[in-house]
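Heads up, the thing below is written out as structure tokens.
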2 protein chains.
Amino acid sequence: MPERGRPRSFDRASALRRAMEVFWAKGYEGASLSDLTAAMGINSPSLYAAFGSKEALFLEATDLYTRSEGTDIWSTLEEAPTARLAIEGFLTQTARAYAQTDRPQGCLIALGALHQDSTQGLICQDLRRRRAENQTALERRLGRAVAEGELPADFDCQAAATFFATVQHGMSIQARDGATHAALMATVAGAMAAWTTMAGADA
Amino acid sequence: MPERGRPRSFDRASALRRAMEVFWAKGYEGASLSDLTAAMGINSPSLYAAFGSKEALFLEATDLYTRSEGTDIWSTLEEAPTARLAIEGFLTQTARAYAQTDRPQGCLIALGALHQDSTQGLICQDLRRRRAENQTALERRLGRAVAEGELPADFDCQAAATFFATVQHGMSIQARDGATHAALMATVAGAMAAWTTMAGADA
DNA sequence: TCCTTTATGTAACGATCGATACATAAATAC
DNA sequence: GTATTTATGTATCGATCGTTACATAAAGGA
């Protein structure tokens, strides 16, 4: 039990949540230590003692983001009875999440650090890995539908996964530009129109 | 004729082009004055004398970007004989442009400054305006097709324009992640599959 | 009670940020 | 020629960046 020494005077979990919101709104390089400590209600030595560095704090924040904000989106993908409903639900949940007005618009994973840099190569790499994982999850779900006979055997799961992942990334920028939930749903409708063609006219 | 005084010892146009490439690769806040002056081959006083400020330089750089890199994409949209070919050409040109390996991947307008900030509100606003203009161009082209009878009168031009613009934005992130031209074309194929449904199965 | 351990607040570190003061160089105007 | 105008290179500005020394405070172990 690490109960030796002076106890921490702030709640680590809620401080991490505040940090996540700052990174989410401003991106990795746009979020300064001053921004972070102000939002977390602590001084920089406490931040470094509890999280190690700005980089480590960001990695932990993105992990929290994935666990807290991403679950609705990705559980829908896995749990929907058909692949069509899975993709539709995945995109619909995305539209709902990205347009919420009580938090930053768009996705932290997609927008957090797009410009590679010597000082933030690790950050870019981590976000890129997470984006790749998400696309893989889409591909797996489609592959399952092929295996189950819902989709034809020659269905190009990889191409379709690329397409739907790209649409979701675009929705992040759209949301950042202030798009309404209705506008995001127009994009969802477009993507699902593609599904109709890709899966065969009767799907 | 402003030919008084000591003549400038560097080519303003090519220096601006170098600055554009730096902003393109690193974004507005990621591009430091050191990065810029090193790439432009000049010292900071020369930069400020010729361009005014980092902000003004960025605005001029995005203008150059729009005039030089965007023409192929947007001229295709206007000149294609049908709306379907216009959209397909627009996306195909986008895939070609975004995957070129001799320059930064993705679009400067889409990726240049996504995180609003007190110091760069003007930059975000300008890029946002340019993105909105692009979407409007798509909508106008589709509206023309409705007027010409190519598309049904109840075709939702605004929704479709939103969808295709969003796909293009997503392609920027995809390209930044190192997607090949083939991967980008998979997304184009997906978007055109949507067209087939949206414009009627026989279109 | 003292010792060890951990956390906190203040204050500052070297580095870099965007932006300039200043003296000098190179052109035209007279 | 001299005066004026503009550009350049050096050197530096104050502010902020991410990070850390250091002394003090607050807990458990002996």
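It should be emphasised that the depicted structure is a prediction, and the values quoted were computed from it without experimental measurement.
Between the P atom of D:dT19 and the CD1 atom of A:Ile42 lies a distance of 14 Å, rounded to the nearest Å. Between B:Phe51 atom CZ and D:dT8 atom P the separation is 11 Å, expressed in whole Å. Atom CG of B:Leu47 is separated from atom P of C:dC17 by 14 Å (rounded to the nearest Å). D:dT19 atom P lies 8 Å from atom CD of A:Glu55, rounded to whole Å. In this structure, B:Tyr28 places its OH atom 13 Å from P of C:dC17, rounding to the nearest Å. Rounded to whole Å, atom P of C:dT8 lies 11 Å from atom CE of A:Met40. Computed from coordinates, the A:Lys54 NZ to D:dT20 C1' distance equals 17 Å when rounded to whole Å.
Between the base of D:dT20 and the side chain of A:Ser44 there is a donor-acceptor pair shorter than 3.5 Å.
Two residues, B:Arg6 and B:Gly52, neighbour DNA chain C, and the one matched to the more 5' nucleotide by heavy-atom proximity is B:Gly52. Heavy-atom distances to DNA chain C give each of B:Gly5 and B:Asp35 a nearest nucleotide, and the one nearer the 5′ end belongs to B:Asp35.
Classification of B:Arg17 and B:Asp11 as a salt-bridged pair fails, no side-chain N sitting under 4.0 Å from a carboxylate O. Between A:Arg103 and A:Glu69 there is a salt bridge, since a side-chain N of the basic residue sits under 4.0 Å from a carboxylate O of the acidic one.
Heavy-atom minimum distance, B:Ala95 versus B:Met185: CB-SD, 3.6 Å.
Side-chain proximity of B:Phe10 to D:dT8, C:dA27, C:dT10: nearest is D:dT8. The side chain of B:Pro7 lies closest to C:dA26 when the candidates are D:dG18, C:dA19, C:dA26. Considering only the side chain of A:Leu33, D:dT19 comes nearest among C:dA19, D:dT19, D:dG9. Listed nucleotides: D:dT19, C:dA7, D:dC17. Nearest to the side chain of A:Arg8: C:dA7.
Remark: B:Arg67 is not positioned above the aromatic ring of B:Tyr65, lacking an NZ or CZ atom under 6.0 angstrom from the ring centre and at most 45 degrees off the axis. A:Tyr48 does not carry A:Lys54 over the face of its six-membered ring by the limits of under 6.0 Å from the centre and within 45° of the normal. Both tests hold for A:Arg8 against A:Phe10: distance to the six-membered ring centre under 6.0 Å, angle to the ring axis within 45°.
For C:dA7, the OP1/OP2 oxygens have no side-chain nitrogen or oxygen of A:Ser9 closer than 4.0 Å. In this structure, A:Tyr48 does not reach the D:dT20 phosphate: none of its side-chain N or O atoms is under 4.0 Å from OP1 or OP2. For C:dT8, one of the phosphate oxygens OP1 or OP2 lies less than 4.0 angstrom from a side-chain nitrogen or oxygen of A:Ser46. For the pair A:Asn43 and C:dG9, the criterion of a side-chain N or O lying under 4.0 Å from OP1 or OP2 is met. Listed pair A:Ser32 / D:dC17 meets the phosphate criterion, a side-chain N or O lying under 4.0 Å from OP1 or OP2.
Using a 4.0 Å heavy-atom distance criterion, B:Ser34 is classed as a sugar-phosphate-only contact. A:Pro45 comes within contact range of at least one nucleobase, with a heavy-atom separation under 4.0 Å.
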